[in-house]
Amino acid sequence: MVIEAGLVAGYVIAWAVRKARRAAGRLDAETDAVIDSSLDRLHAVVVDKLGGHPVLEDLADEASADEGQVSELTRQQVELAITAGARRDDAFGQAVTDLVAQLRVAEQAAGVSVVFHGDAYTQATGNGIAFGQVAGDVTVGREGREPPDPR
């Protein structure tokens, strides 16, 4: 089963950072409750599958540090652990895929988006365009071809 492991890892990281910041308060009570509940379920499924994987401890330590920043190395390790878990267990892959879909619906309904800091890569197929809100340089084009007129 193919899963969006990078997205799942991002949500698990978001859960860890939000948990570390809960003392600072919540966003909107109702919106937060729905998103927090979904993040809690996703986190529980991932932790249940990964068990005592050392990256979970690294993630908790980094998320609770002063700035709540999670290193790119830890993000990659979380993603790889999730990918490996899904490769060995289709039920796990389906569970995280379903929970990510629920999170997307909750975010859209609330007009909320999850923000990730650090490098990101996105790829579109079938003449699609894939990007989110961007602060910084953006390169538009197709491999081996001149970029299209952005108008």
Side-chain angles (χ1 to χ4, degrees), residues 1-136 138-140 143:
M1 162 172 265
V2 177
I3 65 166
E4 295 180 85
L7 189 58
V8 175
Y11 279 124
V12 170
I13 290 167
W15 177 91
V17 171
R18 284 177 69 120
K19 181 180 181 221
R21 293 183 179 167
R22 280 205 175 120
R26 297 180 171 256
L27 297 172
D28 171 80
E30 188 174 327
T31 300
D32 242 18
V34 171
I35 293 172
D36 277 346
S37 174
S38 296
L39 286 172
D40 287 344
R41 287 192 308 273
L42 179 62
H43 179 263
V45 167
V46 169
V47 168
D48 186 49
K49 181 63 185 171
L50 299 184
H53 197 293
V55 75
L56 295 175
E57 185 176 337
D58 293 344
L59 174 58
D61 289 347
E62 290 179 23
S64 62
D66 293 334
E67 296 178 22
Q69 296 291 318
V70 175
S71 70
E72 179 62 16
L73 177 61
T74 298
R75 188 206 59 77
Q76 289 173 357
Q77 290 174 335
V78 170
E79 182 176 343
L80 289 170
I82 290 167
T83 300
R87 188 176 303 132
R88 290 187 302 266
D89 184 347
D90 284 341
F92 170 71
Q94 188 61 55
V96 296
T97 298
D98 293 346
L99 288 166
V100 164
Q102 292 172 18
L103 274 160
R104 285 179 167 165
V105 169
E107 288 173 345
Q108 287 175 348
V112 173
S113 63
V114 176
V115 177
F116 300 97
H117 297 277
D119 294 336
Y121 174 79
T122 185
Q123 178 179 357
T125 60
N127 294 321
I129 299 173
F131 63 87
Q133 185 174 357
V134 178
V138 175
T139 302
V140 178
E143 194 172 318

Least distance between heavy atoms, [X] atom then [Y] atom:
| X | Y | result |
| --- | --- | --- |
| Leu50 | Ala81 | CD2-O, 3.5 Å |
| Gly93 | Ala86 | CA-CB, 4.0 Å |
| Arg75 | Ala9 | O-CB, 4.2 Å |
| Gly51 | Leu56 | O-CD1, 3.3 Å |

Enter the distance from Glu57:CD to Glu62:CD here, rounded to the nearest 0.5 Å.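 Separation between the atoms: 11.0 Å.
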
When rounded to the nearest 0.5 angstrom, what distance separates OG1 in Thr97 from CG in Leu42? 10.0 Å

Less than 4.5 Å apart, any side-chain heavy atom of Leu99 and any of Gln102?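 When only atoms from C-beta onward are counted, Gln102 and Leu99 do touch, with a gap below 4.5 Å.
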
side-chain hydrogen bond (donor to acceptor under 3.5 Å, both in side chains) partners for Thr83, two or more places apart: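 For Thr83 there are no side-chain hydrogen bond (donor to acceptor under 3.5 Å, both in side chains) partners, ignoring immediate neighbours.
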
Partners of His43 by ring-ring contact (aromatic ring centres under 6.0 Å, His included), sequence neighbours excluded? Trp15

